[in-house]
Student: 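The structure's right below; bear with me while I get my questions together.
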Amino acid sequence: MTPSRRRLGTSVYAGVLFTVLGAVAWLSGQPFVFPSLGPSAFLLAFERRGDRRRLARIVASHCIGGVAGLLAYTLLGAGVTLTATPPPGSAAGLHLVASGVCSIVLTSWGMIATDTNHAPACATTLIVSLGLLSTPGQVVIIAVSVVVLVAVHGAVVAGFRRLVGESHPTYT
């Protein structure tokens with residue numbers, strides 16, 4: 001596959017994956033699209049392997065990030081949000097920093113302990129721990145979004161394999 005064809009295919013496919021979630025977000029009015037989902041969509045589009053273990057790792061890592069972020073936010077940052085920058089040296093700013101640091105530590109530990117390393121989950125944990133999507137319901141939406149993303153990818157890969165068999169080029 002030529003580099004320009006791969007660039008185009010990866011870009012379009014990442015957009016297709018994200019479009020499904022964009023439609024769900026638009027129709028439901030819920031935050032099914034959030035920043036850390038973009039890197040996950042890109043990685044799925046770029047590597048295009050449907051390995052179940054890898055797909056489960058992506059879901060698990062974002063769930064770990066969501067739960068760790070919620071725990072850190074609940075314990076350290078509740079009531080403060082990054083939507084308005086706290087004043088320099090303020091207690092609110094310190095609470096958010098502590099929440100963010102704690103969530104990164106917990107998420108990193110959780111991913112390593114469960115062998116579910118997926119870097120975009122560290123962005124998920126910050127989204128939650130900094131008060132941007134920090135309710136239990138929003139964390140559930142994050143988890144469902146990742147499951148939908150991975151399920152759509154798995155269905156596309158399975159359908160493609162059914163159409164072309166194992167002659168599908170390997171992307172490295």
Side-chain angles (χ1 to χ4, degrees), residues 1-71 73 103-104 106-108 110-172:
M1 174 174 278
T2 65
S4 62
R5 187 170 168 206
R6 181 166 189 207
R7 284 190 293 268
L8 179 61
T10 296
S11 302
V12 169
Y13 184 46
V16 166
L17 290 173
F18 222 73
T19 297
V20 172
L21 286 165
V24 172
W26 178 58
L27 292 171
S28 70
Q30 297 298 317
F32 281 89
V33 171
F34 48 92
S36 56
L37 207 53
S40 292
F42 169 77
L43 289 171
L44 288 170
F46 187 77
E47 295 177 8
R48 295 190 194 159
R49 288 177 289 152
D51 175 34
R52 287 182 185 217
R53 181 164 158 73
R54 177 174 167 261
L55 299 179
R57 185 176 292 149
I58 291 169
V59 172
S61 67
H62 280 285
C63 288
I64 289 168
V67 170
L70 185 59
L71 179 65
Y73 184 74
S103 72
I104 289 292
L106 292 172
T107 299
S108 298
M111 288 191 303
I112 293 166
T114 59
D115 191 27
T116 58
N117 302 341
H118 180 65
C122 287
T124 295
T125 204
L126 288 173
I127 290 165
V128 177
S129 68
L130 296 177
L132 301 173
L133 295 175
S134 57
T135 68
Q138 290 169 328
V139 172
V140 169
I141 289 171
I142 287 170
V144 170
S145 294
V146 177
V147 168
V148 169
L149 177 75
V150 166
V152 169
H153 171 70
V156 168
V157 168
F160 192 79
R161 282 189 181 138
R162 223 172 296 168
L163 285 173
V164 299
E166 293 303 317
S167 64
H168 184 266
T170 304
Y171 302 100
T172 56

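For reference, positions follow the sequence shown, starting with 1.
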Student: So Leu44 and Ile58, side-chain contact (heavy atoms from CB on, under 4.5 Å) or not? Walk me through it.
Tutor: CA-CA 10 Å; Leu44 288 170; Ile58 291 169; 3.6 Å; yes

Student: When Phe32 is tested against each of Val144, Val148, Val20 for side-chain contact (heavy atoms from CB on, under 4.5 Å), which residue passes?
Tutor: Val144

Student: Working to the nearest 0.5 Å, report the span between CH2 of Trp26 and OG1 of Thr19.
Tutor: 12.5 Å

Student: Would you check if Ile127 and Ser36 make a side-chain contact, meaning some heavy-atom pair closer than 4.5 Å?
Tutor: yes

Student: What heavy-atom pair brings Ser145 and Leu37 nearest, and what distance separates the two atoms?
Tutor: CB-CD2, 4.0 Å

Student: Counting C-beta onward and ignoring hydrogens, is there a side-chain heavy-atom pair between Cys63 and Val67 closer than 4.5 Å?
Tutor: no

Student: Please round to the nearest 0.5 Å and tell me the distance separating atom CG of Leu17 and atom CG of Leu43.
Tutor: 11.5 Å

Student: So which heavy atom on Leu149 is nearest to which on Ser40, and how close?
Tutor: CD2-CB, 3.9 Å

Student: State the OH-OG1 distance between Tyr73 and Thr135, to the nearest 0.5 angstrom.
Tutor: 10.0 Å

Student: As an exercise, state the distance from NE2 of His118 to CZ of Arg54, rounded to the nearest 0.5 Å.
Tutor: 8.0 Å

Student: Which atoms form the tightest heavy-atom contact between Ala45 and Ala14, and what is the distance?
Tutor: CB-N, 3.5 Å

Student: Name the orientation class of the two ring planes belonging to Tyr13 and His153 (parallel below 30°, tilted from 30 to 60°, perpendicular beyond 60°).
Tutor: tilted

Student: Nearest 0.5 Å, what's the OG-CD1 distance between Ser103 and Ile64?
Tutor: 13.0 Å

Student: When you measure from the side chain of Thr125 to the backbone N and O of Gly69, does any donor-acceptor pair fall under 3.5 Å?
Tutor: yes

Student: Do Leu133 and Val139 come within less than 4.5 Å of each other through their side chains, counting heavy atoms only?
Tutor: no

Student: If you compare all heavy atoms of Ala41 against all heavy atoms of Phe18, which two are closest, and at what distance to 0.1 Å?
Tutor: CB-CD1, 4.0 Å

Student: Provide the closest heavy-atom pair for Thr116 versus Ala60 in the form atom of the first, atom of the second, distance.
Tutor: CG2-CB, 3.6 Å

Student: Enter the distance from Gln30:CD to Ile142:CD1 here, rounded to the nearest 0.5 Å.
Tutor: 12.0 Å

Student: Ignoring hydrogens, what is the shortest heavy-atom contact between Asp115 and Arg53? Give both atom names and the distance.
Tutor: OD2-NH2, 2.5 Å

